[in-house]
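Residue numbers start at 1 and run along the sequence shown.
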Amino acid sequence: MGKAKKTRKFAVAKKIISPKDARIKSNQKEQQAKQQQLAKKEKPRHVDQAISALFFQYNTQLGPPYHILVDTNFINFSIRNKMDIVRSMMDCLLAKCIPCITDCVMGELEKLGSKYKVALRLAQDPRFERIPCGCKGCYADDCLVKNVTQWRCFIVATCDKELRGRIRKIPGVPCMYISSHRYTVERMPEAFGAPR
């Protein structure tokens with residue numbers, strides 16, 4: 001018996017996976033992204049509770065004695081301008097002021113070293129109130145913003161333009177800064193001593 005003759009198949013292409021197949025990784029990623037978007041749409045939205053202390057943009061919790069959260073650069077600029085912090089704050093707001101310092105700001109002052117020894121000594125003054133913050137080794141600006149959003153009873157004293165921009169976005173929180181060798185407060189109508 002002879003060998004069976006095997007004929008070559010004509011015009012047969014190799015089998016290819018279709019580009020829309022679920023086994024392709026890029027398609028799997030797209031599917032996962034679609035599922036995540038659907039899950040986000042189905043989730044209930046988180047809306048922050050309105051602060052009861054605000055009357056429009058006016059904060060009713062602010063009143064004498066004013067508690068003022070002090071930033072590192074505010075202390076440094078006050079020393080450069082030869083200004084007594086507590087007295088200048090009282091001249092600005094025409095009321096009793098209690099400067100407050102968070103642990104993060106204190107840590108930042110300690111890290112600056114011997115060059116800013118005077119600022120550190122000034123921050124350890126008994127007139128300054130120390131506020132413990134729960135954050136561990138956090139950036140001082142983030143700590144101040146977190147404290148201010150949590151408790152709307154503070155005025156933030158800083159010369160940092162970036163931080164002032166962040167604080168302007170929080171309704172009802174005034175910002176104190178130094179301009180032309182005097183303290184000024186923005187967004188606070190009762191600050192009669194502040195230059196306009």
With rounding to the nearest 0.5 Å, note down the distance linking [atom1] in [X] to [atom2] in [Y].
| X | Y | atom1 | atom2 | answer |
| --- | --- | --- | --- | --- |
| R187 | I167 | CZ | CD1 | 8.5 Å |
| L120 | E108 | CG | CD | 12.0 Å |
| Q31 | K34 | CD | NZ | 7.5 Å |
| T184 | E186 | OG1 | CD | 9.0 Å |
| C143 | K136 | SG | NZ | 14.0 Å |

Are R166 and D142 ion-paired here, with the side-chain N under 4.0 Å from a carboxylate O?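 A salt bridge is present here (some side-chain N lies under 4.0 Å from a carboxylate O).
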
Check this for me, if you would: do R127 and D84 make a salt bridge, where the nitrogen-to-carboxylate-oxygen distance has to be below 4.0 angstrom?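 Result for this pair is yes, salt bridge flagged.
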
Side-chain contact, heavy-atom cut-off 4.5 Å: [X] with [Y]?
| X | Y | answer |
| --- | --- | --- |
| C175 | V185 | no |
| E162 | D141 | no |
| F154 | C100 | yes |
| S88 | S78 | no |
| I155 | L69 | no |
| E190 | Y58 | yes |
| V156 | D71 | no |
| Y177 | R164 | yes |

For the hydrophobic clusters of this structure (ILVMFWY residues joined by side-chain heavy atoms under 4.5 Å, transitively), does one cluster hold both [X] and [Y]?
| X | Y | result |
| --- | --- | --- |
| I131 | Y139 | no |
| V145 | L54 | no |
| F77 | L112 | yes |
| L109 | V118 | yes |
| I98 | L144 | no |

Pairing residues for D103 by the side chain to side chain contact (heavy atoms under 4.5 Å, CB included) criterion, not counting sequence neighbours: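 Counting only residues at least two positions away or on another chain, D103 forms a side chain to side chain contact (heavy atoms under 4.5 Å, CB included) with R130, P132, C133.
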
Taking R152 as the fixed residue, which of I51, L62, T60 is the one that meets the side chain to side chain contact (heavy atoms under 4.5 Å, CB included) rule?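 That would be I51.
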
Of V70, T72, L163, which meets side chain to side chain contact (heavy atoms under 4.5 Å, CB included) against T158?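 Option passing the side chain to side chain contact (heavy atoms under 4.5 Å, CB included) with T158: L163.
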
So, does N73 use its side chain to make a donor-acceptor pair with the main chain of C159 at under 3.5 Å?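 Yes, because the side chain of N73 sits within donor-acceptor range (under 3.5 Å) of the backbone of C159.
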
Contact summary for [X] and [Y], nearest pair of heavy atoms:
| X | Y | result |
| --- | --- | --- |
| C153 | Q61 | N-OE1, 3.8 Å |
| I24 | P19 | CD1-O, 3.7 Å |
| C97 | V86 | O-CG1, 4.3 Å |
| A119 | I79 | CA-CD1, 3.5 Å |
| M83 | H181 | CE-O, 3.6 Å |

Using the six-membered ring wherever Trp is involved, compare the ring planes of Y183 and F74 and label them parallel, tilted or perpendicular (cut-offs 30° and 60°).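 Tilted.
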
Given side-chain contact (heavy atoms from CB on, under 4.5 Å), test I68 with L93 step by step and report yes or no. CA-CA 11 Å; I68 301 166; L93 296 171; 3.9 Å; yes

Using side-chain hydrogen bond (donor to acceptor under 3.5 Å, both in side chains) as the criterion, list what pairs up with D91, not counting sequence neighbours.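 D91: no side-chain hydrogen bond (donor to acceptor under 3.5 Å, both in side chains) contacts found.
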
Take M176 and M188 through the side-chain contact (heavy atoms from CB on, under 4.5 Å) test and state the conclusion after the steps. CA-CA 10 Å; M176 184 181 276; M188 191 167 178; over 6 Å; no

